[in-house]
Peer 1: 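Before I ask anything, let me first share the structure, which is written out below as structure tokens.
The sequence lines fix the lettering, A, B, ..., with proteins before strands; numbering per chain opens at 1.
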Protein chains: 2
Amino acid sequence: MKTDRLDKGVRERLLDTAEVLFAADGYDHVSIRDITRYAQCNLAAVNYYFKGKQGLYLDVFRHHMIPRARRIRDFFWKRIKSEKKTTVETVVRALTEAYMHGPLSQEEVEIHHKLMARELTNPTKALDMMVEDVIRPFVAEVSALLRPDLKSISDEELLLDVISVFALILYFTFGRLPISKVTGREYTDKYRDKLVEHVTRFSLYGLGCNIKDKET
Amino acid sequence: MKTDRLDKGVRERLLDTAEVLFAADGYDHVSIRDITRYAQCNLAAVNYYFKGKQGLYLDVFRHHMIPRARRIRDFFWKRIKSEKKTTVETVVRALTEAYMHGPLSQEEVEIHHKLMARELTNPTKALDMMVEDVIRPFVAEVSALLRPDLKSISDEELLLDVISVFALILYFTFGRLPISKVTGREYTDKYRDKLVEHVTRFSLYGLGCNIKDKET
DNA sequence: GTCTATAGCAGGATAGAC
DNA sequence: GTCTATCCTGCTATAGAC
């Protein structure tokens with residue numbers, strides 16, 4: 001995200017900068033004075049382009065967050081379609097890796113989840129957008145994929161199962177802070193690999209399936 | 001928490017009120033003007049008793065959050081000690097119910113998790129206090145309880161397993177908002193029972209153990 | 001101990017020059 | 001389209017009367 005180059009146009013620079021700052025410090029702690037200073041443009045530009053701070057915030061979701069979430073989804077689907085056969089294991093693994101080793105840079109993952117986490121605790125219109133445009137459809141698609149292999153459970157149970165898998169993935173991705181505090185381990189690349197394995201295994205067992213042994 | 005009665009003393013009223021308001025709207029959105037108005041005391045009282053807004057916030061954690069978390073822990077232990085034999089199932093179930101059907105009123109659960117969720121995304125000194133005083137010891141205790149039944153895995157795996165169980169419990173407790181949006185169901189008592197069953201089952205399977213059938 | 005009044009600052013928004 | 005200057009509101013914190 002260090003692409004706030006001056007050749008990008010004020011509008012884009014504002015979106016880039018605002019996203020980084022909002023993620024880092026939260027909506028309230030960031031002033032439009034901060035944003036315009038970092039974006040190297042004038043204070044009034046925010047009002048000119050986005051009709052105010054709130055408008056800028058929503059446009060960050062419209063133009064960055066939603067497309068980025070779609071990239072995770074596309075990555076997942078490409079993976080699924082490349083498999084000969086979709087089993088519970090391939091689905092869960094593809095999902096975990098789409099988040100943890102997917103199309104997003106580490107920096108983007110960080111930003112994305114910080115903003116999402118903030119929305120969960122301070123819900124605004126942006127959360128509704130994410131739920132409607134990305135989360136709900138994605139959950140539905142994953143549920144449909146798993147349906148054939150989990151015949152014995154109800155639709156409602158299936159939904160809760162899928163949510164649980166997402167919960168684990170999200171928790172281990174965005175909860176790095178307390179997790180690091182409790183485990184005493186930094187999120188190095190190596191540790192992230194370990195977490196991917198852990199989440200995949202735990203989810204698979206959780207779904208009631210046995211995972212085939214697989215060299216890590 | 002509607003116990004902000006005038007006979008409680010200004011100090012206690014301020015702690016009660018501040019907790020409710022901070023949980024509902026977040027530290028930044030709540031002014032000491034709001035707090036003192038609701039607590040029916042003077043604006044200057046916050047500075048007099050707590051040396052400022054931040055001091056009040058930290059004292060909410062010291063005097064409400066930490067003791068409350070300890071109550072969950074105590075509830076869990078009482079339950080464990082009443083069992084003839086501690087199995088993985090009894091531990092997981094006791095843990096889930098301590099959070100979801102435990103010693104806290106629904107209102108307290110709400111407040112507690114909102115404040116914790118806010119700390120996770122906006123970490124302050126309060127999070128360190130919670131981790132050191134409550135979370136880390138509790139995780140260690142649960143790990144020790146499970147150790148005998150999960151001999152085959154390393155300490156590190158065990159820790160991740162325990163964190164995963166907590167992750168599910170916390171997600172389904174504090175993540176009610178997006179979950180309701182996705183499932184389209186309100187968190188009624190009946191639905192909460194269902195969630196307890198789901199979390200317990202998913203965790204047990206996740207830990208690699210088979211759950212005995214049990215009438216729901 | 002409790003209150004009023006106010007200092008002192010920072011923020012969002014906007015009017016209007018260029 | 002871009003910028004400066006400014007308005008207005010709201011905040012925390014404190015000084016000092018009672």
Side-chain angles (χ1 to χ4, degrees), chain A residues 3-63 115 118-119 121-126, chain B residues 3-63 115 118-119 121-126:
Chain A
T3 33
D4 312 356
R5 293 171 340 227
L6 288 167
D7 59 343
K8 271 189 113 182
V10 173
R11 204 192 156 79
E12 276 67 34
R13 290 212 309 280
L14 278 172
L15 285 171
D16 291 349
T17 311
E19 174 167 51
V20 174
L21 294 182
F22 284 147
D25 294 337
Y27 184 84
D28 295 306
H29 279 114
V30 178
S31 64
I32 57 175
R33 285 175 165 82
D34 293 332
I35 297 169
T36 50
R37 192 172 60 247
Y38 277 96
Q40 299 186 48
C41 71
N42 190 270
L43 174 63
V46 168
N47 272 280
Y48 180 74
Y49 286 108
F50 305 99
K51 306 255 165 230
K53 190 183 179 185
Q54 189 66 27
L56 171 56
Y57 181 73
L58 288 178
D59 267 17
V60 165
F61 275 78
R62 264 188 278 269
H63 294 101
L115 276 176
R118 290 188 189 285
E119 269 302 313
T121 49
N122 298 35
T124 72
K125 212 183 136 196
Chain B
T3 33
D4 311 357
R5 292 174 338 228
L6 288 166
D7 60 340
K8 271 189 115 185
V10 174
R11 200 192 160 82
E12 276 67 34
R13 291 213 309 279
L14 278 172
L15 284 171
D16 290 349
T17 310
E19 173 168 52
V20 174
L21 295 182
F22 284 147
D25 294 338
Y27 184 83
D28 294 305
H29 279 116
V30 178
S31 64
I32 57 176
R33 282 174 164 79
D34 294 332
I35 298 169
T36 51
R37 191 172 60 246
Y38 277 96
Q40 299 186 49
C41 71
N42 190 268
L43 175 63
V46 168
N47 272 279
Y48 180 74
Y49 287 108
F50 305 99
K51 306 256 164 230
K53 189 184 180 184
Q54 189 66 26
L56 170 57
Y57 181 73
L58 288 178
D59 268 16
V60 165
F61 275 78
R62 264 188 278 269
H63 293 102
L115 275 176
R118 290 188 190 283
E119 270 301 313
T121 49
N122 299 36
T124 72
K125 212 185 137 196

Peer 1: Between residues 52-63 of chain A and DNA chain D, which residues have a heavy-atom gap below 4.0 Å?
Peer 2: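 Going residue by residue through residues 52-63 of chain A, none turns out to have a heavy atom under 4.0 Å of DNA chain D.
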Peer 1: Round to the nearest Å and state the distance from B:L14 atom CG to C:dT2 atom C1'.
Peer 2: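 Distance check: B:L14 CG to C:dT2 C1' gives 12 Å.
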Peer 1: Starting at CZ of A:F50 and ending at C1' of C:dT14, how long is that distance when rounded to a whole Å?
Peer 2: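 In whole Å, C:dT14 C1' lies 18 Å from A:F50 CZ.
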Peer 1: I need the CG-P distance between B:N47 and D:dG16, as an integer number of Å.
Peer 2: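 From B:N47 CG to D:dG16 P: 16 Å.
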Peer 1: Kindly indicate, with the supporting measurements, whether the criterion side-chain contact (heavy atoms from CB on, under 4.5 Å) is fulfilled by B:R13 and B:Y38.
Peer 2: CA-CA 9 Å; B:R13 291 213 309 279; B:Y38 277 96; over 6 Å; no
Peer 1: Look only at the side chain of A:K53 and the backbone of A:V30, and say whether a donor-acceptor pair between them is shorter than 3.5 Å.
Peer 2: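 Yes; judged by distance alone, with no hydrogens or angles, the pair exists.
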Peer 1: Rounded to the nearest Å, what distance is computed from the CD atom of residue B:E12 to the C1' atom of nucleotide C:dG1?
Peer 2: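 It works out to 15 Å between those atoms.
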Peer 1: Please report the distance, rounded to the nearest Å, between CD1 in B:I35 and C1' in D:dC11.
Peer 2: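 Whole-Å distance recorded here is 12 Å.
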Peer 1: Holding to side chain to side chain contact (heavy atoms under 4.5 Å, CB included), I want the full list of residues that pass it with A:T36, two or more places apart in sequence or in another chain.
Peer 2: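 A:T36 satisfies side chain to side chain contact (heavy atoms under 4.5 Å, CB included) with A:L14, A:C41, A:L43, A:V46 only.
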Peer 1: For B:Y49, check ring pair (Phe, Tyr, Trp, His ring centres under 6.0 Å) against everything at least two apart and list the hits.
Peer 2: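 Partners of B:Y49 by the ring pair (Phe, Tyr, Trp, His ring centres under 6.0 Å) criterion come out as none, since no residue qualifies.
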Peer 1: Go through the structure and list residues passing salt bridge (charged side-chain N to carboxylate O under 4.0 Å, His left out) with B:D34, not counting sequence neighbours.
Peer 2: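 B:D34: salt bridge (charged side-chain N to carboxylate O under 4.0 Å, His left out) contacts with B:R37.
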Peer 1: May I ask you to evaluate whether B:Y49 reaches the phosphate of C:dT2, defined as a side-chain N or O under 4.0 Å from OP1 or OP2?
Peer 2: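 For C:dT2, OP1 or OP2 has a side-chain N or O of B:Y49 closer than 4.0 Å.
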Peer 1: Write down the distance between CG (A:D28) and P (C:dG12), rounded to a whole number of angstrom.
Peer 2: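 Going from CG in A:D28 over to P in C:dG12 covers 9 Å.
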Peer 1: Show the distances under 3.5 angstrom between N or O atoms of the protein and N or O atoms of nucleotides 3-8 of chain D.
Peer 2:
| from | atom 1 | to | atom 2 | distance (Å) |
| --- | --- | --- | --- | --- |
| D:dT4 | OP2 | A:N42 | ND2 | 3.1 |

Peer 1: Sequence neighbours excluded, which residues qualify as side chain to side chain donor-acceptor pair (under 3.5 Å) partners of B:Q54?
Peer 2: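 Here the qualifying residues are B:Y27.
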Peer 1: OP1, OP2 of C:dA10 versus side-chain N and O of A:S31: anything below 4.0 Å?
Peer 2: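 Checking A:S31 against C:dA10: no side-chain N or O falls below 4.0 Å of OP1 or OP2.
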Peer 1: For A:R62, enumerate each residue passing the salt bridge (charged side-chain N to carboxylate O under 4.0 Å, His left out) test, keeping only those at least two apart in sequence or located in another chain.
Peer 2: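 Result, salt bridge (charged side-chain N to carboxylate O under 4.0 Å, His left out) vs A:R62: A:D59.
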Peer 1: Just jot down the side chain to side chain contact (heavy atoms under 4.5 Å, CB included) partners of B:A23, sequence neighbours excluded, or say none.
Peer 2: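 Partners of B:A23 by the side chain to side chain contact (heavy atoms under 4.5 Å, CB included) criterion, ordered by chain and then number, come out as B:I111, B:K114, B:L115.
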Peer 1: Taking side chain to side chain donor-acceptor pair (under 3.5 Å) as the definition, give me every residue that meets it alongside B:N47, ordered by chain and number, with sequence neighbours left out.
Peer 2: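 Partners of B:N47 under the side chain to side chain donor-acceptor pair (under 3.5 Å) test: none.
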Peer 1: Quickly work out the B:Y48 OH to D:dA15 P distance and round it to whole Å.
Peer 2: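 Nearest whole value for this atom pair: 15 Å.
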